[in-house]
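Numbered from 1 within each chain, the chains take letters A, B, ... in sequence-line order. Because the structure is predicted, anything quoted here is derived from the model rather than measured.
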Amino acid sequence: MAGLLDQLTQPQRDAVTHVDGPLLILAGPGSGKTRVVTHRIAHLLEQGIPAWQIAALTFTNKAAEEMGHRVNALAPGAKVWMGTFHRFCAQLLRRHAALVGLAENYSIYDTSDSKQAMKHAIAAAGVSLTHASPEKIASSISRSKNRLVTPEMLQGQSLGPVEAIAAKVYPVYQQHLLTANAVDFDDLLFHVANLLRYNPELRSDLDAKFRYILVDEYQDTNLAQYAIVRALSIDHPNLAVTGDPDQSIYGWRGADIKNILDFEKDYPSVTTVRLEQNYRSTPNILRVADQLIRHNRRRKQKNLFTDNPEGQPVVLRIFESGFDEADGIADDIVNAIARGDATANDFAIFCRINAMTRSLEHALRNRGVPYQIINGVEFYQRKEIKDLLAYLHLINNPCHDVALARVINTPTRGIGAKSIEHLRSFAELNRIPMLEAARRASEIRELAKRSATMIAKFVSLYDRLATKATAPLEEILRFLVTESGYATYLENSANDQDENSPLANVDELITAAVEFDRRHPDDGSLDAFLEQVALVSDTDAFEESSERVTMMTLHASKGLEFPRVFLIGVEDDMLPHARSKEDESQVEEERRLLFVGITRAKEFLQLSCCKRRSIRGDFRPVIPSPFLNELPLQEIERIETKVARDWFNEDFDQSYPDSWDLPEIDVEQSTAPLSVAIEPDEFNQDVPSVELTDDSTDTGGTSSVQEKGKKRLISALGSLKTASDLLTETPTPLTAYREGAQVRHQQYGEGTIVSVTGRGPKRTATIRFDDGDHNFRLAFAKLELVQ
DNA sequence: TGGAGCACTCTTTTT
DNA sequence: GAGTGCTCCA
C-alpha cells in the first residue's frame, strides 16, 4: 500500500490524495487518467472509507470493466460499485420502481423495441407524418427526456413543427411504456433523476449512501445524468469528475459540454487538477493534435506535452480513390507484418462512418489479414436472438407488449397481423396488456373462431413456459427452444452450417446463459440476465489481445490506443460530416472527433483522403477536409500516389468535374520536407488484363469454366476490377433526365417527364404515364431514356 | 401468409 | 450498394 503514490507525477498525486470535496480532473488524452482514478479509489479505501460508500460511474461497460480490473489489482476484493450510468440507474429503479409507477420486474426496451412502441404510439396519437418522420419524433422525445422535460411540461409551449408533433406522441408513448411495465434507455436516467427530484428523503438517503462518487468522461454527460450526480452530491459533495472537454463527441446525443466547462461554477470549492503530460504518443503526433484542437473556441486551454521520443512524422496520404486507399493501407499493413516490424493487432483503422469500413474489409480479406470490425449490427440484433429474448422478456414481464407481438406468431401459428391488431385494440380499449387480451380472446367479437383457438393455444404455451420462470437460465432457454417449436422452425428454414447460422447463434445464446448461471449461482434471475443483455453493447466486443487489425468509427475509438493508426476519409462532408456543418458548435465537435482519433496513436499516424470516392453507389469527386489546413503541415510528410490520367475514362471525367483541383489545398504551398510521388507500375500492366477479361465476355458464349477463370482473375486483381467496373457501369448522368424527356419504366411503360426537382440523390422526377403521374428518385428508379 | 419487387433511406449510436 | 420496410399478388 505504501507504494500507491510511487511513480506518480505531482498533479497525479494531487488528484489521488484528494479525499473530501468536489474534484475536477481535466485529463488530456493519454495522461494516465484511469491510473489516477483507480489509484484514487484505492487511496480512499486506504483511508478507511467503506467500499460501499464509493460509486464509480462510466459510460461504457468496457471502461467499467477496465476500471474494475485495475482497482482489484490495487485493492483486491473491495466491493466498490462500478458500472455504467444506465446500469446504476437500472438497479436503483429496480428497488424503487413503484415510485414511478412501475413494477420491479420492469423490462428495458432496446432501440428496436422502442421503435416498435413508437410506431404504435404514433398511430394511436393520430398525428400526420407528412412533416415529421418517426425517427425525428423519436429523437425529439429522446431529447426531451434527456433534458428532463415531461409530456406535461410541453403543454402550452410554443414549439417547432417536429416538436409539436412529438409533444402529441410523447404522452401516448409513455403511457404505452407504463402499461407494458417497461422503460427505454432514456427512461432509466429520466426516471431516476425524477425519483431523486421528487423524493427528498430517498435522495438524502442515497446521497448519504454513495458518499464518494466518481464520474468518468464527464464531458459526455447530459442534463439527466448531471441532475442525478448533482442530487447525490448535495449533503456530501465528494464528487470527483474526470474528463476532457476536447474529447466531447456525443453532443448529438444530448451530452452537454457545458457540464464540464461550468463544473467550477457549480462547485465553487472545487479542486482542479490538470493532467497534461501525455504518456501515449510521440511529440509528432501530439503536436498535430494540439494544433488542430487550438482551432476550437469553446474549450479549456491545455498544454499537452510528452517526454516520449520524437518518433516519425505524421503522414498525410492522398489517394486517387477509396479503392486505392483501401489497397494502399492494406499493403502497408501486410508489408509491415511481413518485415516483422509489427503484428496485426498493432494496427487500427478509424473512419467517420461505419459504411467506410467496407472497402478496407475487402482489401484486408484479399490479403488474408485477420481483422475485427467494431460496429453496431451485432449478435443481439439478430432475428433469432431477438425472438428468443422476446420470449424470455414475456416470461419475465407478461405486460411486455412488444415482446408479445414479436413471438405470438413466431414460429407461425396461424395468428396473423389482423388478429394481432384486434388484440391490440382490445388491450388498448381496456387498458390491459396484450397477453391479458389474449387470455380474453373469446370476448373479442371481431376475432374469428379459428384465430381465437390459435390464440388460446399460444396462451397455454405461454403458461407452460412461465412455470420455468425461476429455473436456471439454461433450463428456461432449452425448454423454450423445444416447447415453442422454435428449434424445428429453425431447422426447417435455414440449414447452412457456417458460424453465423441462426442455429449457431442460438447455441451461442445458450452458452451465454450457461455462463450467466455459472457466474450468478445465487442471484441469477431472469430479470438480471435480461438487464445485463439490454445494457451491453457491441462495442464491448472489442478484443484487445486478439491478433487482428481493428476497424471502427472514430466514436468507438475513444478510450483506446494503438501503436499504428490509419485515419481514413479525412474529406470534406465526411469529416466534418455534411450533416454536421450547420453551425460552428457542430463543426467544433467534428474537430474534436478528429482530435480523439489522432490522439489514439502511439507511434505512427497516417491521415488519408482521396480525390474520388464511391459514395452511396456513385463515384464522386471529393474535397479534402478543411481540418487538414489546420494541421502543422510543414512537419507532416505528404505522400501522393499519382495515377496516369488517361486511365480514367474521358466521359467520366467530364460528367464529374474534378473539384479537387479547384480549392488548392495549402499543402501545396507548405514547405513539406518530403513529398514523394509514387508511380505504381502495376497499374499499367494490370489494366489491359482487365480489359481482356471484359472482352472475353463480350465475345459471347462464356462457359462456366471461363466464368470461373474470370472470377478468379478478377478477384486476384482486387480493387482494379472494382474501379474498372465502375467506369464501365457509369449510369446515364442524372442531368440527362430533363423536363420533356421520354422515359421507359418496367412497370408503367413509356412516359414523359413533367418536372424535375431536388438535387443529387434526392433528385426527383414527376413522370406522366398513361395511368397518371408518378414520382421517382432518379438515382434509384429503374428508368431508361427513350431516344 | 409469404415472397417478390419496388421505393426509399443511409452520421455518429457509450446505453 | 445494401438494407429495410411496404405493397401487392399468388
Side-chain angles (χ1 to χ4, degrees), chain A residues 57-64 83-90 108-112 114-115 119 133-135 139 142 146 183-189 216-217 219-222 224-225 249-255 350-356 358-359 374-378 380-381 409 412-419 493 531-540 542 552-559 569 573-581 586 589-590 592-593 596-597 614-619 722 725-726 729 745-748 761-762 764 774-782:
Chain A
L57 301 175
T58 64
F59 278 79
T60 62
N61 293 302
K62 197 171 55 192
T84 62
F85 259 104
H86 286 81
R87 195 180 294 279
F88 182 77
C89 291
I108 301 170
Y109 273 11
D110 71 11
T111 321
S112 74
S114 328
K115 214 171 139 188
K119 236 166 65 182
S133 62
E135 296 76 46
S139 74
S142 168
N146 287 331
V183 301
D184 63 18
F185 286 135
D186 298 319
D187 279 339
L188 287 170
L189 306 173
D216 197 22
E217 307 280 12
Q219 76 280 357
D220 289 330
T221 49
N222 58 33
Q225 288 157 329
I249 55 175
Y250 285 102
W252 54 274
R253 273 186 101 257
F350 302 152
C351 50
R352 179 65 177 83
I353 60 171
N354 272 313
M356 279 184 83
R358 202 162 295 134
S359 52
I374 312 300
N375 74 355
V377 264
E378 279 301 325
Y380 290 106
Q381 307 289 340
N409 200 33
T412 44
R413 304 190 174 89
I415 306 172
K418 264 268 161 59
S419 309
S493 55
E531 177 183 306
Q532 163 105 353
V533 167
L535 298 180
V536 297
S537 80
D538 301 312
T539 340
D540 304 329
F542 170 61
M552 63 177 92
T553 62
L554 287 164
H555 283 89
S557 77
K558 194 163 71 164
D573 284 350
M574 185 58 81
L575 186 68
H577 195 274
R579 296 238 196 144
S580 296
K581 289 162 77 171
Q586 287 185 324
E589 181 154 312
E590 296 283 309
R592 291 194 290 269
L593 202 46
V596 165
S614 159
I615 302 162
R616 283 186 218 139
D618 66 349
F619 201 45
T722 347
D725 273 7
L726 267 168
E729 287 167 12
H745 187 266
Q746 269 197 325
Q747 188 184 342
Y748 302 110
K762 291 232 158 70
T764 308
H774 294 274
N775 289 322
F776 295 95
R777 297 272 294 273
L778 287 172
F780 306 101
K782 302 226 175 349

Under 4.0 Å, counting only non-hydrogen atoms across every strand here, what does R358(A) touch: a base, just sugar-phosphate, or nothing?
sugar-phosphate
Just to confirm, is there a sub-4.0 Å distance from OP1 or OP2 of dT13(B) to any side-chain nitrogen or oxygen of T553(A)?
yes
Given atom CD1 of I353(A) and atom C1' of dA2(C), what is their separation to the nearest angstrom?
13 Å
Salt bridge (Lys or Arg N to Asp or Glu O under 4.0 Å) with D186(A): which residues, sequence neighbours excluded?
none
I'd like to check the ring pair (Phe, Tyr, Trp, His ring centres under 6.0 Å) partners of F185(A); sequence neighbours left out, ordered by chain and number.
none
Below 3.5 Å between N/O atoms, which protein atoms pair up with nucleotides 5-8 of chain C? Just atom names and distances, please.
from: dG5(C); atom 1: OP1; to: K115(A); atom 2: NZ; distance (Å): 3.4

Give T58(A) one of three labels, base, sugar-phosphate or nothing, depending on what nucleic acid heavy atoms sit under 4.0 Å from its own.
nothing
With heavy atoms under 4.0 Å as the rule, sort D216(A) into base, sugar-phosphate or nothing.
nothing
If the condition is side chain to side chain contact (heavy atoms under 4.5 Å, CB included), which residues does S580(A) pass it with, not counting sequence neighbours?
R352(A), H577(A), Q586(A), E590(A)
Phosphate oxygens OP1/OP2 of dC10(B): is one of them under 4.0 Å from a side-chain N or O of N354(A)?
no
Tell me what G559(A) touches on the nucleic acid: a base, only sugar-phosphate, or nothing, going by heavy atoms under 4.0 Å.
nothing
Holding to side chain to side chain contact (heavy atoms under 4.5 Å, CB included), I want the full list of residues that pass it with A224(A), two or more places apart in sequence or in another chain.
L148(A), L189(A), N222(A)
Using O4'-C1'-N9-C4 for purines and O4'-C1'-N1-C2 for pyrimidines, with syn meaning within 90° of 0, is dT12(B) syn or anti?
anti
Hey, does Q225(A) reach any base, or is it just sugar-phosphate, or nothing, if we go heavy atoms under 4.0 Å?
nothing
Mind checking D186(A) for me? I need base, sugar-phosphate or nothing, with any heavy atom below 4.0 Å counting as a touch.
nothing
Kindly say whether I415(A) contributes a backbone atom to a donor-acceptor pair with the side chain of N409(A) at under 3.5 angstrom?
yes
Listed partners of K418(A) passing salt bridge (Lys or Arg N to Asp or Glu O under 4.0 Å), at least two apart:
none
Please work out if Y250(A) contacts a base, only the sugar-phosphate, or nothing of the nucleic acid, heavy-atom cut-off 4.0 Å.
base
Quiz item: R352(A) side-chain donor-acceptor pair to dT12(B) base, under 3.5 Å:
yes
